[in-house]
Participant: 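If you scroll down you'll find the structure; I have some questions about it.
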Amino acid sequence: MRFSANISWLFPEVPDFPGRIKAASQSGFRAVEVAWPYATDRTLFKAALNTHRMSLVLLNTPPGNIEAGELGLAAVPGRQDEFRTGLNEAVSWASDLGCDRIHIMAGRVPLGLEHQFIEKEMEETFIENLQYAADILGQAGMVGLLEPINSLITEPRYFLNTPQHVCYFLAASILQKVKRPNLKLQMDLYHWQIMGGNLTQNIKTYFPLIGHVQIAQIPHRNEPDSPGELNFMYLFDLLQDLGYQGYVGCEYKPQGDTVKGLGWMEKYLKNCDGDEDKTK
């Protein structure tokens, strides 16, 4: 199993992304992922990746106007031109930094509107933008990712959820309508557990669609070995048994010093090494 440090979440004690890339490297990671790197000097970001021999495995499309409450534009009607501009920026960054996966952020239901009254229009907009994005990403040899986000705790207005559907079912349904092989699901186990649970069966069911995995413990979104609902050692083994080849993104809130909280990763990797030794 390969882990990537989400430097938008980990190493908050380090003030900038290049410094967090260095910290991740020194902590045993060989890859990082990031939400929105766009305010950082790209030259410095790239230099840090090269200096520390780190891979960038995921970034997000721009969120839009965060101060106005936006969190992505791909499903927001009337914002197609802005979405495409943001997509082009994300592809430019990803191409320059050697990243082959981009999370296409759907966005929130616009303020003043209710989900059920605009759901059809948002889905049509999302499908239109995803088809466009898939073609652009395909030309660059990249994969686009859709991440269902829970509406119970984190994002009650995010589009990829309705009162009638479990959020990942809706995302899978949209992927089937778009019909592009380079679009996949981004499975954050934190969100999936909150919205539907039954993780063993759901992971097996949707595994062919999964293009990236992220983790955090429930309910406080801390380290995988912090008190909570999920047995991550079991889930890691399940993913490995199913043949998952990608990275597992560590998108959680450290309870304290990030490095001191990485004992779970060291323990898991040591156990994996021990299991390999037993088969020799």
Side-chain angles (χ1 to χ4, degrees), residues 2 4 6 8 31-38 42 55-64 70-77 79-108 122-150 155 158-161 165 167-189 191-192 203 205-214 239 244-249 251:
R2 299 182 297 170
S4 57
N6 190 309
S8 294
V32 295
E33 56 189 65
V34 65
W36 306 301
Y38 308 109
R42 192 193 302 190
S55 299
L56 178 66
V57 298
L58 175 71
L59 55 79
N60 296 353
T61 53
E70 294 178 341
L71 194 65
L73 298 174
V76 182
R79 306 291 293 280
Q80 286 91 328
D81 288 345
E82 292 168 80
F83 165 73
R84 293 180 181 191
T85 298
L87 176 68
N88 289 336
E89 183 178 13
V91 170
S92 174
W93 270 77
S95 297
D96 194 20
L97 301 178
C99 176
D100 67 356
R101 277 167 166 68
I102 295 178
H103 170 204
I104 302 171
M105 300 202 72
R108 294 170 172 145
M122 291 191 75
E123 182 172 322
E124 290 172 350
T125 300
F126 200 24
I127 290 172
E128 174 191 338
N129 281 332
L130 288 174
Q131 289 171 334
Y132 174 85
D135 292 341
I136 297 297
L137 294 172
Q139 293 170 17
M142 296 178 186
V143 173
L145 299 167
L146 282 64
E147 181 184 22
I149 298 177
N150 82 81
E155 284 295 336
Y158 202 70
F159 170 67
L160 280 183
N161 178 65
H165 300 91
C167 55
Y168 41 81
F169 176 83
L170 175 59
S173 174
I174 288 174
L175 284 178
Q176 291 170 352
K177 293 175 183 178
V178 176
K179 297 180 181 179
R180 293 291 197 278
N182 65 325
L183 296 181
K184 299 287 186 180
L185 278 178
Q186 182 169 312
M187 180 182 69
D188 188 324
L189 291 170
H191 297 304
W192 282 42
I203 290 171
T205 298
Y206 294 104
F207 184 76
L209 296 176
I210 293 171
H212 189 65
V213 176
Q214 292 178 325
L239 286 168
Y244 181 67
Q245 298 294 315
Y247 282 89
V248 173
E251 188 180 275

Participant: Taking C-beta and beyond as the side chain, do Met105 and Tyr158 meet within less than 4.5 Å on heavy atoms?
Facilitator: yes
Participant: Is the backbone N or O of Ser92 less than 3.5 Å from a side-chain atom of Asp96, with the two atoms forming a donor-acceptor pair by type?
Facilitator: no
Participant: Taking atom types as modelled, is there a side-chain donor on His103 or Glu33 under 3.5 Å from an acceptor on the other?
Facilitator: no
Participant: Pairs under 3.5 angstrom only: tabulate donor-acceptor contacts from the side chains of residues 127-148 to other protein residues two or more places apart or in another chain.
Facilitator:
residue	atom	partner	partner atom	Å
Asn129	ND2	Ala74	O	2.7
Asp135	OD1	Arg180	NE	3.4
Glu147	OE1	Gln186	NE2	3.4

Participant: Using the test ring pair (Phe, Tyr, Trp, His ring centres under 6.0 Å), find all partners of Tyr247 that sit at least two apart in sequence or belong to another chain.
Facilitator: none
Participant: Where is the tightest heavy-atom contact between Ile210 and Ile203, given as atom of each residue plus distance?
Facilitator: CD1-O, 4.3 Å
Participant: What verdict does the side chain to side chain contact (heavy atoms under 4.5 Å, CB included) test give for Ile174 and Phe159, after you've listed the backbone C-alpha separation in whole Å, the side-chain angles of each residue and the deciding distance to 0.1 Å?
Facilitator: CA-CA 12 Å; Ile174 288 174; Phe159 170 67; 3.9 Å; yes
Participant: Please check this pair: side chain of Ser4 against backbone of Ala31, looking for a donor-acceptor N/O pair closer than 3.5 Å.
Facilitator: no
Participant: For Leu59 versus Trp93, what's the shortest heavy-atom pair and its separation?
Facilitator: CD2-CB, 4.1 Å
Participant: Hey, does the side chain of Arg101 reach the backbone of Gly211 with a donor-acceptor pair shorter than 3.5 angstrom?
Facilitator: yes
Participant: Under the side chain to side chain contact (heavy atoms under 4.5 Å, CB included) rule, what do Leu160 and His191 come out as? Steps first, then yes or no, please.
Facilitator: CA-CA 11 Å; Leu160 280 183; His191 297 304; over 6 Å; no
Participant: Do Tyr206 and Met187 have side-chain heavy atoms sitting under 4.5 Å apart?
Facilitator: no
